2 protein chains.
Amino acid sequence: MNDLVSSTDLASEADEPKTLAEAAYRQLRRDIIEGVHRPGEKLRVEHLKDQYEVGAGTLREALQLLVTDALVVAQGQRGFRVAPISLDDFEDITRTRVLLETSALQQSIELGDDTWEANVVAAFHMLSRAEEKLVEGAKGTREEWELRNRAFHEVLISACPSRWIRHFQNILYHQSERYRRLSLFRQPIPRDVHAEHQAIVDAALARNSAEATRILSDHILRTLDAVRQLPADFIN
Amino acid sequence: MNDLVSSTDLASEADEPKTLAEAAYRQLRRDIIEGVHRPGEKLRVEHLKDQYEVGAGTLREALQLLVTDALVVAQGQRGFRVAPISLDDFEDITRTRVLLETSALQQSIELGDDTWEANVVAAFHMLSRAEEKLVEGAKGTREEWELRNRAFHEVLISACPSRWIRHFQNILYHQSERYRRLSLFRQPIPRDVHAEHQAIVDAALARNSAEATRILSDHILRTLDAVRQLPADFIN
DNA sequence: ATAATCAAAAATCTCGAGAAAAACTGTTGA
DNA sequence: TCAACAGTTTTTCTCGAGATTTTTGATTAT
């Protein structure tokens, strides 16, 4: 077998980019999330079109796509700008994520079949391996851990039939990833998330909805504290 | 006084369009919601650019903006298409709306001040007047009722501090409006929503969170039944 | 020194034409 | 009758240049 999960998202993005605009969109998104373009920074089309090797109109489209994800804000006739960050915003993102993700998990636990269980176990295994490599300190493992962490959370709620909840959760995950990168840069050794993930998996497979959502809730909210402890100038 | 509420949305759209692309975007959005462009219909740039009197690139941008609202879907290199509709989708939209809107109302009731109460009462009054005109059967009142109904629901949750919840709720409201128009076309005399709205207002002002969210929940879910009773070919 | 005014410069927004891809149609062969 | 193929037509995607708006900088007056 090749891939157990099949992502049928509202805005599918699993496959590779089929247009120049989308390619530029993804590069830009990565650069924004990784902090290459700082929050609040002005995004001048004239400069960026050379940097990303596309025409002005094409880059414009890419920027427009990023507005969808709320990673870029368009201000009337005054061009584009990287979405600013703030502690309040992150708190908002986190709490909204809790609301959506717990609801999705609850439905997943209720409706998930054997394949879902298998996917959860598999994703957890992948994540655990990435965590091991992370403490070993090899390079490039941060990227892999991020990917697998995201996959794990996605698989957890994959049995939730609501495409809209998954869509919104997707957007919020990208948003929070931006903040998490900031905190991880400062505090490169993550807290013991393994046990938390394990507990979520156990509760989920035991079909203990209340317990699973409670742990997931705490798990997500804990990232709030990590960002709260950042020096103020990190949040602009 | 002119306007009590001040909408500080994530993607503000209260003011008038400042660019041709945004103007085209709003016209297109209205036409899609009102059913001028049917669900699933292909949106050819070449035809539409004449109809909306803008350049090809500009219309392209407008379409891209509509993808944000999920009213238009972009398919790789095969152009744009009006987002299809289905009963499953509407059920999803409605249930997600309930999740978000009840949470927002709960926070609103918890945090709303006197001004919020005044806004709620005012919006309810405006809506009630529109309902009276609606049963009288004057023309153009449908449009006004829609606007005031939307304003009422918006004001109810306006004291919720979460910009993200309000943002998502906004998107979902546009979506459900499409479906509601279909059902209202068939069934032009709306059910007795006045009593429901009254009950919500009473519970909200009494700061009875549990009661208010329960009524709001039923209120939103009731629209589901209305659409369910439509003949199958209305939902494609 | 501060504020207001006006001109120059930079950036954005808009448009139409050319290149690339997809859809269509008619023909040929099994 | 059906399937496969190739040429034609349509549509989308991309690009650079011109028009419009915003921003910047210098000058002048209070």
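On a predicted model such as this, the values are computed, not experimentally measured, just so you know. Quick note on labels: first sequence line is chain A, next is B, and so on, each numbered from 1.
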TODO: Check the angle between the aromatic planes of B:F168 and B:W164 and answer parallel, tilted or perpendicular using the 30° and 60° thresholds.
DONE: tilted
TODO: Of all the heavy-atom pairs spanning B:M126 and B:R148, show the shortest one and how long it is.
DONE: O-NH1, 3.0 Å
Task: Minimal non-hydrogen separation, B:L156 against B:W116, with atom names - done: O-NE1, 3.1 Å
- [ ] Starting at the 5' end of nucleotides 7-14 of chain D, put B wherever the base has a protein heavy atom under 4.0 Å, S where only the sugar-phosphate does, and a dash everywhere else.
- [x] ----SBSB
Open item on the list: Checking B:T115 against B:N119: is there a side-chain donor and acceptor pair closer than 3.5 Å?
Closed with: no
Task: Pair B:Q64, A:Q64: side-chain N/O donor-acceptor within cut-off below 3.5 Å - done: no
Whole Å only: how far is the [atom1] atom of [X] from the [atom2] atom of [N]?
{"X": "B:Y25", "N": "C:dC13", "atom1": "OH", "atom2": "P", "value": "16 Å"}
{"X": "B:L59", "N": "C:dG16", "atom1": "CG", "atom2": "P", "value": "13 Å"}
{"X": "A:R81", "N": "C:dA11", "atom1": "CZ", "atom2": "P", "value": "13 Å"}

